[in-house]
2 protein chains.
Amino acid sequence: MLAAIGHPQRLRIIAGLSEGRVHVSELARRLGISRPLLYLHLERLEKAGLVTGDLELASDGKAMKYFELVPFDLHLTEDVVLAALRADEEEGLKDVQETPR
Amino acid sequence: MLAAIGHPQRLRIIAGLSEGRVHVSELARRLGISRPLLYLHLERLEKAGLVTGDLELASDGKAMKYFELVPFDLHLTEDVVLAALRADEEEGLKDVQETPR
DNA sequence: TCCACCTGTAAGTTCAGACTGACAGGTGGA
DNA sequence: TCCACCTGTCAGTCTGAACTTACAGGTGGA
């Protein structure tokens with residue numbers, strides 16, 4: 001999640017979504033970046049849980065993928081970092097124990 | 001600062017420093033990474049203000065560069081992101097206005 | 001039918017960041 | 001003198017993220 005938010009372009013995307021849901025093409029136009037690139041970043045943000053996508057069929061039949069911000073509130077301190085790191089290590093261990101089968 | 005902290009290796013460095021000041025070579029050994037690499041990351045962390053370095057001459061005359069954590073406490077929310085982004089834009093404007101002379 | 005929208009993805013390039021090995025230089029102790 | 005420490009930096013490799021162009025497919029309206 002920190003890796004996702006630690007990128008200027010993605011911060012701009014968050015800003016672009018801060019005023020409400022927008023569909024992908026529109027957002028790409030607003031930010032002046034290519035649509036595929038925007039997809040890439042949105043994917044990362046979505047994996048990080050900072051954003052959600054929702055494909056909707058508008059009343060006129062056109063498909064539009066709307067994205068919106070997921071409210072987040074992270075209190076970032078040394079302890080949080082340490083805890084996250086420990087959690088990651090356990091994740092790693094789990095993988096090691098699970099994948100060998 | 002977000003970019004600096006959004007990197008697993010650097011989180012590990014923060015963890016390595018969490019128990020007190022350590023000098024570079026020692027820390028590199030503990031983390032199992034090469035010293036030049038550690039320098040690189042420490043540099044970024046220092047620029048981000050998360051860490052400070054201090055070159056000391058030990059009583060036996062040997063030079064040792066000690067690093068230690070700078071306490072940080074960032075309350076990360078949508079508003080903080082928007083504010084940071086605005087601040088960045090002003091920075092950018094300043095540059096544009098200042099460099100051309 | 002053609003045009004203007006939209007989604008989604010598969011190329012391919014390019015560039016910065018991450019990383020290693022090797023060097024120079026300095027100290028103290030055996 | 002040689003060895004074991006330390007700092008600091010350069011040159012090079014390499015991988016992955018970031019980014020663009022281009023495609024395929026779908027809808028509604030003129």
Side-chain angles (χ1 to χ4, degrees), chain A residues 1-17 20-68 81 85 88 92, chain B residues 1-17 20-68 81 85 88 92:
Chain A
M1 184 272 197
L2 286 175
I5 215 171
H7 188 166
Q9 200 75 285
R10 289 194 279 267
L11 291 181
R12 291 184 58 226
I13 293 175
I14 290 177
L17 289 175
R21 55 214 314 269
V22 189
H23 66 89
V24 179
S25 294
E26 171 65 19
L27 185 55
R29 249 175 276 134
R30 280 193 207 168
L31 298 177
I33 65 180
S34 70
R35 205 163 40 85
L37 176 58
L38 180 55
Y39 266 87
L40 186 115
H41 288 308
L42 283 173
E43 216 169 86
R44 285 175 191 275
L45 288 171
E46 191 167 28
K47 272 187 193 163
L50 291 167
V51 122
T52 39
D54 183 28
L55 181 62
E56 291 181 16
L57 295 175
S59 54
D60 65 351
K62 284 187 183 168
M64 314 262 261
K65 181 123 182 193
Y66 278 92
F67 274 89
E68 66 185 307
V81 169
L85 215 51
D88 255 28
Chain B
M1 183 271 198
L2 286 174
I5 214 172
H7 188 163
Q9 199 75 285
R10 288 194 280 266
L11 290 180
R12 291 183 60 225
I13 293 174
I14 290 176
L17 290 176
R21 54 214 315 271
V22 189
H23 67 89
V24 179
S25 294
E26 171 65 19
L27 185 55
R29 250 175 275 132
R30 280 194 206 167
L31 299 176
I33 65 182
S34 71
R35 206 165 40 86
L37 178 58
L38 180 56
Y39 266 88
L40 185 112
H41 288 308
L42 283 173
E43 216 168 87
R44 286 174 189 276
L45 287 171
E46 193 168 26
K47 271 187 194 165
L50 290 166
V51 123
T52 39
D54 183 28
L55 180 62
E56 291 181 16
L57 295 176
S59 55
D60 65 351
K62 284 187 183 169
M64 312 263 262
K65 180 124 183 193
Y66 278 93
F67 274 89
E68 67 185 308
V81 169
L85 215 49
D88 256 29

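All heavy atoms count here, side chains included; hydrogens, waters and symmetry mates do not. Within every chain, numbering begins at 1; the chains are lettered A, B, ... in the order of the sequence lines, protein sequences first and strands thereafter.
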Sub-4.0 Å heavy-atom contacts from residues 3-17 of chain A onto DNA chain D, ordered by number: A/H7, A/Q9, A/R10
Atom pair NE2/CD1 of A/H7 and A/I14 - distance to nearest 0.5 Å: 11.5 Å
Atom pair CG (A/L27) and CG (A/L38), whose distance is rounded to the nearest 0.5 Å: 5.0 Å
Sequence-distant partners of B/R30, salt bridge (Lys or Arg N to Asp or Glu O under 4.0 Å), two or more places apart: B/E26
Would you call [X] and [Y] a side-chain contact if the rule is heavy atoms closer than 4.5 Å?
X     : Y     : value
B/E68 : B/L17 : no
A/H23 : A/K62 : no
A/I5  : B/V81 : yes

Residue closer to the 5' end of DNA chain D, A/H41 versus B/F67 (nearest nucleotide): B/F67
Table please: side-chain donor-acceptor pairs of residues 41-49 of chain B below 3.5 Å, with sequence neighbours left out.
{"residue": "B/H41", "atom": "ND1", "partner": "B/R10", "partner atom": "NH1", "Å": "3.1"}
{"residue": "B/E46", "atom": "OE2", "partner": "B/G53", "partner atom": "N", "Å": "3.2"}

Closest contact, heavy atoms only, A/R12 versus B/L85: CA-CD2, 3.7 Å
Over all atoms of both residues, closest heavy-atom pair of A/G16 and A/V22: O-CG2, 4.0 Å
Rounded to the nearest Å, what distance is computed from the [atom1] atom of residue [X] to the [atom2] atom of nucleotide [N]?
X     : N      : atom1 : atom2 : result
A/L37 : C/dA11 : CG    : P     : 19 Å
B/L40 : C/dG21 : CG    : C1'   : 15 Å
B/D60 : C/dA30 : CG    : P     : 12 Å
A/L31 : D/dC19 : CG    : P     : 12 Å
A/I33 : D/dA17 : CD1   : P     : 17 Å
A/L42 : C/dT7  : CG    : C1'   : 13 Å
B/R44 : C/dG17 : CZ    : C1'   : 6 Å

Watson-Crick or G-U stems involving DNA chain D, each at least 3 pairs long, distances under 3.5 Å, ordered by first number: C:1-30 with D:1-30
Partner set under side-chain contact (heavy atoms from CB on, under 4.5 Å) for B/A63, not counting sequence neighbours: B/L55, B/L57
Polar atom pairs (N or O), protein with nucleotides 5-7 of chain D, under 3.5 Å:
{"residue": "D/dC6", "atom": "OP1", "partner": "B/R29", "partner atom": "NH2", "Å": "2.4"}
{"residue": "D/dC6", "atom": "OP2", "partner": "B/R29", "partner atom": "NH2", "Å": "2.8"}
{"residue": "D/dT7", "atom": "OP1", "partner": "B/K65", "partner atom": "N", "Å": "3.1"}
{"residue": "D/dT7", "atom": "OP2", "partner": "B/S25", "partner atom": "N", "Å": "3.3"}
{"residue": "D/dT7", "atom": "OP2", "partner": "B/S25", "partner atom": "OG", "Å": "2.3"}
{"residue": "D/dT7", "atom": "O4", "partner": "B/R35", "partner atom": "NH2", "Å": "3.3"}

Phosphate OP1/OP2 of D/dT20: any A/S34 side-chain N/O under 4.0 Å: yes
From D/dT21, D/dA17, C/dA22, nucleotide with atom closest to B/P36 side chain: C/dA22
